[in-house]
*Asks:* 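Sharing a structure here in C-alpha cells format.
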Amino acid sequence: EIDVDALGEAELLQARVGAQRRELVAQRHIGHARRQQKVLQEVAEFVEHPLDPIGVAEAEWTTWQGTDLGFSGLHVSTEAIARLGLLLLHDGVWQGRQVLPVGWVATASSALADTSHHPDPADWTVGYGYQMWRSRHGFRADGAYGQFALVLPHHDLVVAVTSCTE
C-alpha cells in the first residue's frame, strides 16, 4: 500500500509506475507459465504417442532397463510402415497437416555419414542420414527383422515391407 500523503508528486508517480510494472511482470509471468504448461503437455502427449498424428495407434518399442531405446527397436505393422513412408515422401505433411518441421525430411534423408567404404552392394555406399540409408533412387528406413520403408520421391512411390513378425 502506498502512503500518498508521505510522498511528493514525483515519488508518487514513481511508486505508481513501479506498482504497474510489478503487475505487468506478474501478468507476463503467469502467461508464460500457462504457455509453458501447455507446451509441456503437448510434448508429453507426443512422446507418449508419437505416431498418433499419422493414425498409428499400435507401436511397440524395444526397451533396455525399462527405457525405450528410441533409436532402434520400433515394431509396427506393414500399414504403419507405409504411413511413415508416406509422411517422409510428403516432407512431413500428413493429410494436409505439417507433422514434421519443413525441411526435416530432406536433412534426415541426406548423406550425413559417409558409407562409401561399406562392403555390400551399391545402395549401402550412398550414405546414411538420421536413421535412414540413402539409395541410388531415394532413401529407406531400414529396420531390424525385415521392416523397410523405401521412399522413391522421383517416382512418388513408397514400398513398405515387413518380412519378420517375431
Side-chain angles (χ1 to χ4, degrees), residues 25 28-166:
V25 168
R28 286 183 178 170
H29 178 72
I30 291 168
H32 174 73
R34 287 183 181 150
R35 285 188 301 278
Q36 183 180 26
Q37 183 179 16
K38 184 176 189 283
V39 167
L40 290 175
Q41 181 179 0
E42 289 172 0
V43 168
E45 288 170 7
F46 176 76
V47 168
E48 187 68 28
H49 305 284
L51 303 176
D52 280 0
I54 63 170
V56 177
E58 292 187 33
E60 184 179 321
W61 289 90
T62 299
T63 60
W64 182 70
Q65 295 185 346
T67 303
D68 294 343
L69 291 179
F71 66 90
S72 178
L74 174 62
H75 301 278
V76 293
S77 67
T78 307
E79 179 185 351
I81 293 170
R83 287 172 177 262
L84 285 167
L86 287 170
L87 179 67
L88 297 171
L89 177 68
H90 295 119
D91 192 29
V93 175
W94 184 259
Q95 297 180 342
R97 179 176 168 226
Q98 190 73 46
V99 176
L100 299 173
V102 173
W104 184 88
V105 174
T107 301
S109 63
S110 65
L112 300 172
D114 178 16
T115 60
S116 60
H117 61 279
H118 202 288
D120 284 331
D123 274 354
W124 292 93
T125 64
V126 184
Y128 190 69
Y130 300 156
Q131 304 296 317
M132 287 183 254
W133 287 93
R134 296 287 310 151
S135 70
R136 291 168 289 171
H137 307 288
F139 59 93
R140 67 189 188 280
D142 186 339
Y145 306 109
Q147 295 184 111
F148 295 95
L150 177 61
V151 181
L152 304 170
H154 296 297
H155 299 285
D156 195 35
L157 179 68
V158 170
V159 178
V161 176
T162 305
S163 60
C164 182
T165 58
E166 293 183 30

*Asks:* Would you say Asp91's side chain and Val102's backbone share a donor-acceptor pair under 3.5 angstrom?
*Replies:* no
*Asks:* How long is the span from the CZ atom in Arg83 to the OG atom in Ser77, to the nearest 0.5 Å?
*Replies:* 8.5 Å
*Asks:* Hey, could you give me the NE2/NE2 distance between His137 and His154, rounded to the nearest 0.5 Å?
*Replies:* 10.0 Å
*Asks:* When you look at CD of Glu79, are more than 12 heavy atoms from neighbouring residues, nucleotides or ligands closer to it than 6.0 Å?
*Replies:* no
*Asks:* Kindly compute the distance separating CG (Asp142) from CG (Asp123), expressed to the nearest 0.5 Å.
*Replies:* 10.0 Å
*Asks:* I need the minimum non-hydrogen distance between Asp52 and Ala57, along with the two atoms involved.
*Replies:* OD1-CA, 4.2 Å
*Asks:* Taking all atoms of both residues into account, what is the closest heavy-atom pair of Gly127 and Ala111, and its distance?
*Replies:* CA-CB, 3.9 Å
*Asks:* Check step by step if side-chain contact (heavy atoms from CB on, under 4.5 Å) holds for Leu87 and Val99.
*Replies:* CA-CA 8 Å; Leu87 179 67; Val99 176; 4.0 Å; yes
*Asks:* What is the distance from atom CG of Leu152 to atom CG of Leu89, rounded to the nearest 0.5 Å?
*Replies:* 8.5 Å
*Asks:* Looking at every heavy atom in both Ala160 and Ile81, which two are closest together, and how far apart are they?
*Replies:* CB-CG2, 3.8 Å
*Asks:* Strictly distance-based, threshold 3.5 Å: is any side-chain N or O of Arg134 a donor or acceptor partner for the main-chain N or O of Tyr128?
*Replies:* no
*Asks:* Do Trp104 and Leu88 pass the side-chain contact (heavy atoms from CB on, under 4.5 Å) test, and can you show the C-alpha distance, the side-chain angles, and the key distance before you say yes or no?
*Replies:* CA-CA 9 Å; Trp104 184 88; Leu88 297 171; 4.3 Å; yes
*Asks:* Quick check: closest heavy atoms across Gly85 and Ala149, and the distance to 0.1 Å?
*Replies:* CA-CB, 4.3 Å
*Asks:* Taking the side chain as everything from C-beta on, heavy atoms only, tell me whether Ser109 gets closer than 4.5 Å to Trp133.
*Replies:* no
*Asks:* What do the steps show when you test Phe139 against Val105 for side-chain contact (heavy atoms from CB on, under 4.5 Å), and what is the final call?
*Replies:* CA-CA 10 Å; Phe139 59 93; Val105 174; 4.0 Å; yes
*Asks:* Between the main-chain N or O of Ser116 and the side-chain N or O of Thr125, is there a donor-acceptor pair closer than 3.5 Å?
*Replies:* no
*Asks:* Starting at OG1 of Thr162, measure out to CZ of Phe148 and round the result to the nearest 0.5 Å.
*Replies:* 10.0 Å
*Asks:* Output yes when a side-chain donor or acceptor of Gln147 lies under 3.5 Å from a complementary backbone atom of Val76, and no otherwise.
*Replies:* yes
*Asks:* Kindly say whether Asp120 contributes a backbone atom to a donor-acceptor pair with the side chain of His118 at under 3.5 angstrom?
*Replies:* yes
*Asks:* Show the nearest heavy-atom pair for residues Ala82 and Val158, with the distance to one decimal.
*Replies:* O-CG1, 4.1 Å
*Asks:* Does Arg97 offer a backbone N or O that forms a donor-acceptor pair with the side chain of Gln95 under 3.5 Å?
*Replies:* no
*Asks:* I want to check a possible cation-pi pair here: Arg140 against Trp124, using under 6.0 Å from ring centre and within 45° of the ring axis as the test.
*Replies:* yes
